[in-house]
Amino acid sequence: MTLLICRTCPRYDTRSSGEFGRALAAAIAEHPGGAAVTVRKVQCLGGCPDDGVAAVDAPGKARVRFSRLDAGHAAAMVAAAAAHDACTSGTPGDWQVPAELADRISSVTPKRGRDPAR
């Protein structure tokens with residue numbers, strides 16, 4: 001299970017830049033199910049100006065980005081990562097998005113399939 005966390009949020013608040021990623025990663029590490037989640041801190045997930053951005057992602061599955069998160073969403077993000085991992089497509093609707101995250105989906109990016117001509 002892979003969870004991508006923006007390491008620059010809030011990007012446009014230079015005094016607080018990076019605090020979100022550190023806080024969410026620490027909260028996930030303390031969560032009982034957090035050890036099962038691979039956390040990757042990435043430079044940006046393109047959710048600006050709505051900061052507090054993280055995404056669930058996996059090869060061949062849709063990437064689902066959430067915005068306006070804080071460290072209090074750690075348990076919901078662990079649950080989302082597990083549900084996304086268990087789903088074949090990764091597309092919301094094919095897996096149960098935790099209720100506290102449903103209105104925070106800011107992007108769903110399907111993966112391109114392999115070109116059968118190759």
Q: Are the side chain of H84 and the backbone of A62 linked by a donor-acceptor contact shorter than 3.5 Å?
A: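 Yes.
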
Q: So for atom CZ, which belongs to R40, do other residues, nucleotides or ligands contribute more than 12 heavy atoms lying within a distance under 6.0 Å?
A: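 Counting neighbours around CZ of R40, 12 or fewer heavy atoms of other residues, nucleotides or ligands fall under 6.0 Å, so no.
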
Q: Report, as yes or no, whether the 6.0 Å neighbourhood of atom CD on Q96 holds more than 12 heavy atoms from other residues, nucleotides or ligands.
A: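 Open.
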
Q: Taking side chain as C-beta onward, heavy atoms only, is V78 less than 4.5 Å from I28?
A: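 Counting from C-beta outward, V78 and I28 do come under 4.5 Å.
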
Q: From I105 CD1 over to D103 CG, what is the distance, rounded to the nearest 0.5 angstrom?
A: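 It is 9.0 Å, given to the nearest 0.5 Å.
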
Q: Is there a donor-acceptor pair closer than 3.5 Å between any side-chain N or O of R63 and the backbone N or O of T109?
A: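 Absent.
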
Q: Rounded to the nearest 0.5 Å, how far apart are CG of L4 and OG1 of T38?
A: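 Separation between the atoms: 10.5 Å.
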
Q: State plainly whether the residues D94 and K61 are in salt-bridge range, i.e. N to O under 4.0 Å.
A: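 No, no charged N to carboxylate O under 4.0 Å.
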
Q: Any sub-3.5 Å donor-acceptor pair from W95's side-chain atoms to A86's backbone N or O?
A: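 Not at all, since once roles are kept as given, no pair shorter than 3.5 Å links the two residues.
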
Q: So, taking the atom named CG in L3 and the one named CZ in F66, what distance separates them when rounded to the nearest 0.5 Å?
A: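 Going from the CG atom of L3 to the CZ atom of F66 covers 9.0 Å.
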
Q: Taking all atoms of both residues into account, what is the closest heavy-atom pair of L45 and C6, and its distance?
A: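 Of all heavy-atom pairs spanning L45 and C6, the closest is CD1-N, 4.0 Å.
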
Q: I would like to know whether R104 and D50 meet salt bridge (charged side-chain N to carboxylate O under 4.0 Å, His left out); could you show each step before the answer?
A: CA-CA 10 Å; R104 295 175 188 276; D50 293 326; over 6 Å; no

